[in-house]
Amino acid sequence: MIKKFIILGPNKIEGEVKISGSKNSALPILYSCLLIKKEIIIKNIPNLKDINITLKLFKKIGIKIKREKNIIIINAKYININYFSSNLIKKIRASIWLLAPILIRCKKIKMNTPGGCKLGYRPIDLHIYVLKHLGVKIKYKNNIIKAKINKKLTSNVILFKKKSVGATITSILISIFIKKKIIIKNCSKEPEIIDTINFLNKCGAKIYGKGTNTITIYGVKKLSSCKYKILPDRIETGTYLVASAISRGKIICYNTNPNILKSILYKLKLSGAKIKIKNDFIKLDMKNKRCKSVNIITNPYPYFPTDMQPQFTLLNCISKGKSLIKENIFKKRFSHIKQLKKMGANIKHINNKIICYGVKKIFGKTIIAKDLRCAITLILAGCIAYGKTTIKYINHVYRGYENIIKKFKNLKIKIKKIN
Ligand code: UD1
């Protein structure tokens, strides 16, 4: 098991990086495959810990999987619910998406509540609301969920009191085969949700309104096989752009999609970066200048993503001026702050606000990664810090960044892993 990364800095982060397929698209699309009794071919699947755990879990419940590099061939003709493994479910948040497809295929399910990054209490009430609302009998106690379909699922209107990516996916999956029209209001419109809808529609589903606040679903009798390519990862793209910006470098991210990074690119431009985009690449050039700090408020898409908040906190730490970040999605996504302070950053943290007073330099220290985006932020910090940075509990980074060491070495970073 890889335990630590050691980075010698400061490094200038320059070069080219090929962006991988999106984790947050790959996961819901894989869980969608549980609804389909035919072979599906999915391309551009990143090799990540959460994907590997999902595939292990699928194999345990009888699903056939072939994997060749970034292509997965999946066949969920048979599902054997007896082989359910609770430990794997507890390791990832995405396992919540077992609920809807297994209920449809097997009529009942008993499972542990999912795990995932510790970003504060992560409730599942919106998932439960959707299922109950459509006629699922569901009990949820002592971290065990027991659910069954005790009557025919009925048509209805789902109105989310709050936007949730995960619960929007659950509501789509449970509605696919319901005979009448289902309307989902105040749903999320992240690009990864649109990608999942595109995939399901390619398999024969009738889902309308993608990218708006209201999705309408007309039930179909079955879904058929298809080939599908996953969207590029916008958070991985944003992370490499920030990496280069904070080191005053220039970088080209290719195999990406600039259209889904508008809020991130806007903040990088405000920070002083020169940005060029084409269909599938983004070029960033800092022209050797120090970044200007930027104010940020995280909110659901199309606004600024919470998954880029820690990386921009670091950007603000070493930029010119004072800045304010408001984290509106996760109550405890602040574990990077204590570690950045150890490295010399000047940060104040009050409730959901992060106030940074930019310093010119940060310094290598021994620091601890507590979750995925904290881990990558500390790696970026190590790249620009003066001296040696040792990052412990680095494994979190493998949940969301494919070939991280190889990609960083290609960018000429002095980084090594210690097993
Ligand atoms: C997904 C992403 C994650 C991203 C997050 C927000 C995946 C695999 N993960 O996570 O990378 O950071 O969206 O963009 O796609 N909430 C409730 N009740 C619920 C569900 C959620 O109150 O039943 C709350 C959460 O605590 C949070 C907010 O709603 O405050 C948004 O969470 P949600 O959009 O559901 O995030 P995830 O789907 O878990």
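Both ligands and their constituent atoms are indexed starting at 1 by order of listing. Numbers here are sequence positions counted from 1. Heavy-atom basis, side chains included; hydrogens, waters and symmetry copies ignored.
Of all the heavy atoms of E192, none lies under 4.0 Å from any atom of ligand 1, so neither backbone nor side chain is involved. Of the heavy atoms in S164, both backbone and side-chain atoms come closer than 4.0 Å to ligand 1. Residue-level proximity to ligand 1 for D307 is carried by the side chain, the only part with a heavy atom below 4.0 angstrom. Neither the backbone nor the side chain of K331 has a heavy atom within less than 4.0 Å of ligand 1. When heavy-atom distances to ligand 1 are checked against a 4.0 Å cut-off, V165 comes that close through both its backbone and its side chain. Here F330 has side-chain heavy atoms under 4.0 Å from ligand 1, and that is the only part of it that gets that close.
The shortest N or O to N or O distance between T306 and ligand 1 is not below 3.5 Å. Remark: ligand 1 and G166 share an N or O pair separated by less than 3.5 Å (distance only, no angle test).
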Inset, instruction - Give the C-alpha distance, both sets of side-chain angles, the deciding distance and a yes or no for side-chain contact (heavy atoms from CB on, under 4.5 Å) between L30 and W97. - result: CA-CA 10 Å; L30 283 173; W97 291 322; over 6 Å; no
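Look at P123 and you'll find a heavy atom under 4.0 Å from some atom of ligand 1.
Using a cutoff of 4.0 Å between basic side-chain nitrogens and carboxylate oxygens, D307 and R333 are scored as salt-bridged.
None of H336, Q311, H396, R399 except one satisfies the side chain to side chain contact (heavy atoms under 4.5 Å, CB included) rule with I376; the exception is Q311.
In the vicinity of H127, heavy-atom distances shorter than 4.0 Å reach the ligand 1 atoms 23 (O).
In summary, the aromatic rings of F304 and Y266 are positioned with their centroids too far apart to meet the 6.0 Å limit.
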